[in-house]
Amino acid sequence: MRIFSRYVFRQAASSFLLILISLTGIVWIALALRQFNVVTSQGQDTWMLIRVTSLAVPNLMAIIAPFSLLIGALHTLNRLNTDSELIVLSAAGSTVWTVARPLLLLALFVSIFLALVSHIAQPWSMRLLRDYMVQVRSDLLTQVIQPGRFSSPEQDLMFHIRDRSADGELLGLVMHDTRDKSQSQTYLAEHGTIVKQDGTAYLAMSTGHIIRRSDADGPPQIIAFDKYVVDLDQFEPQNDGSGELKPRERYWSELVHPDPKSKLYTSAAGQFRAEIHERLVSPLYPIAFAFLIIAFVGQARSTRSSRMQSLVLTFLLGAACRMAGLALNSAVARNPTMLFALYGVPIAAIIVSLIVIKRADRQRPPSRVLKMLSDRVLELVAAGRRLIMPRRKLVS
């Protein structure tokens, strides 16, 4: 790259990184406040809260990074025009592609970053987050719940234990579950143990009863058991493939070639299709945003004219494209024919931007020809002055 291209790339990259860090911090704070119950009601320390919320950030990078590029590039071009740098370049004969090259290179780097995040960092973080949530649920019973106290980790779910042995076994366990409004269940057990297997935590109870009541006026059903196992994952909303990796928790090979016998895949094949194409289409948006910026803000303008309308229009167009992409991704999960529209949004933005750039180049008069003509006119004017001045002196 030339000196000016390196200068523009450095300015745009620094703005992008600053905005990316700022937006990521805002999102992280919002996630931390939303998951604050991990500390307050589930007895975890602050470090667990930080780990849980930080692992959720890569899942949002597909939205944060393109908008950071959009805002950073708009700020950079607006500052270049305000400082008359774009005007000087235009007067020197440079085209809009002089500014476009470093921005497109930065957009390419952002696209590669998004591809790496969606294919590697996101599945890794989601799997680790899954393991942490299993740990939180198991710690809730083994450490948080105090003997002789009623504890409610979530609404309509209550635990009580008489005592806890030295090896962590729960003694005199009572679990009352009324989350299902059609029936209430109460588990009574002499002993309870937390068992972890294949990334899932189970509560193994022995010597107890299950009391189920589906009708408030009818008699309850009492079931005696010697051993009974409860999946602790049922404390959260589950899909039909309980215990299986969700589409966003899978690496590319697992996503493209799932087990045909998988309950989750057979019941929600559209989610797999939507996740596959979301990972493919998301790297296109930084490039589409870069072309939109070049088309509507890349042209040099006089400092007397306001560029606020162009800046706002470009941002709204970029935001509309990304929001339409998210909506179409949800539609792809239900209807495969929407794939054309899903890829058509960023591609259409690029094509429209190229058309706008081409028309702007045609309307712009060739600056080098104008410069040559102006130089010749100035030379003729100067020569005429030299011829006229001596005659005036002779006459006087």
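Predicted model only: the values in this text are computed from it and were never measured.
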Inset, instruction - Report the residue from F109, F9, F291 that forms a side-chain contact (heavy atoms from CB on, under 4.5 Å) with L104. - result: F291
Legend entry - Within one Ile-Leu-Val-Met-Phe-Trp-Tyr cluster: W97 and F289, side-chain cutoff 4.5 Å: yes
Inset, instruction - Using the test ring-ring contact (aromatic ring centres under 6.0 Å, His included), find all partners of F272 that sit at least two apart in sequence or belong to another chain. - result: Y265
Legend entry - Side chains of R273 and P336 in contact at under 4.5 Å (non-hydrogen atoms): yes
Legend entry - Option from E275, E249, R250 for which side-chain hydrogen bond (donor to acceptor under 3.5 Å, both in side chains) with Q122 holds: E275
Inset, instruction - Using distance alone, with no hydrogens and no angle criterion, decide if H191 and S206 have a side-chain donor and acceptor under 3.5 Å apart. - result: no
Legend entry - Greater than 12 external heavy atoms within 6.0 Å of D226's CG: no
Inset, instruction - Could you verify whether a donor N or O on one side chain and an acceptor N or O on the other, from R212 and Q183, lie under 3.5 Å apart? - result: no
Inset, instruction - Verify, without hydrogens or angle tests, whether N329 (side chain) and A274 (backbone) share a donor-acceptor contact under 3.5 angstrom. - result: yes
Legend entry - Partner residues of E254 under the salt bridge (Lys or Arg N to Asp or Glu O under 4.0 Å) criterion, sequence neighbours left out: R127
Inset, instruction - Could you tell me whether F340 atom CZ has more than 12 heavy atoms of other residues or ligands within 6.0 Å of it? - result: no
Inset, instruction - Indicate, with yes or no, if I211 and L173 share a hydrophobic cluster defined by side-chain heavy-atom contacts under 4.5 Å among Ile, Leu, Val, Met, Phe, Trp and Tyr. - result: no
Inset, instruction - Side-chain contact test, heavy atoms from C-beta onward, threshold under 4.5 Å: evaluate it for I71 versus S15 and give yes or no. - result: no
Inset, instruction - Fit a plane to each ring of H277 and Y343, take the angle between them on a 0 to 90° scale, and name the class: parallel (under 30°), tilted (30 to 60°) or perpendicular (over 60°). - result: perpendicular
Inset, instruction - Output the distance between atom CD1 (I293) and atom CG (L70), rounded to the nearest 0.5 Å. - result: 5.0 Å
Inset, instruction - Kindly state each residue pair satisfying salt bridge (Lys or Arg N to Asp or Glu O under 4.0 Å) with at least one member in residues 59-69, sequence neighbours excluded. - result: none
Inset, instruction - Using the salt bridge (Lys or Arg N to Asp or Glu O under 4.0 Å) rule, collect all pairs that involve residues 107-124, keeping only residues at least two apart or in two chains. - result: none
Legend entry - Pairing residues for F4 by the ring-ring contact (aromatic ring centres under 6.0 Å, His included) criterion, not counting sequence neighbours: none
Legend entry - salt bridge (Lys or Arg N to Asp or Glu O under 4.0 Å) partners for E278, two or more places apart: R322
Inset, instruction - Compute whether any side-chain donor of one residue and acceptor of the other, for Q11 and R79, lie under 3.5 angstrom apart. - result: yes
Legend entry - R164 with E169: basic N within carboxylate O range, under 4.0 Å: no
Legend entry - Within the 6.0 Å centroid threshold, strictly below: Y187 and H209: no
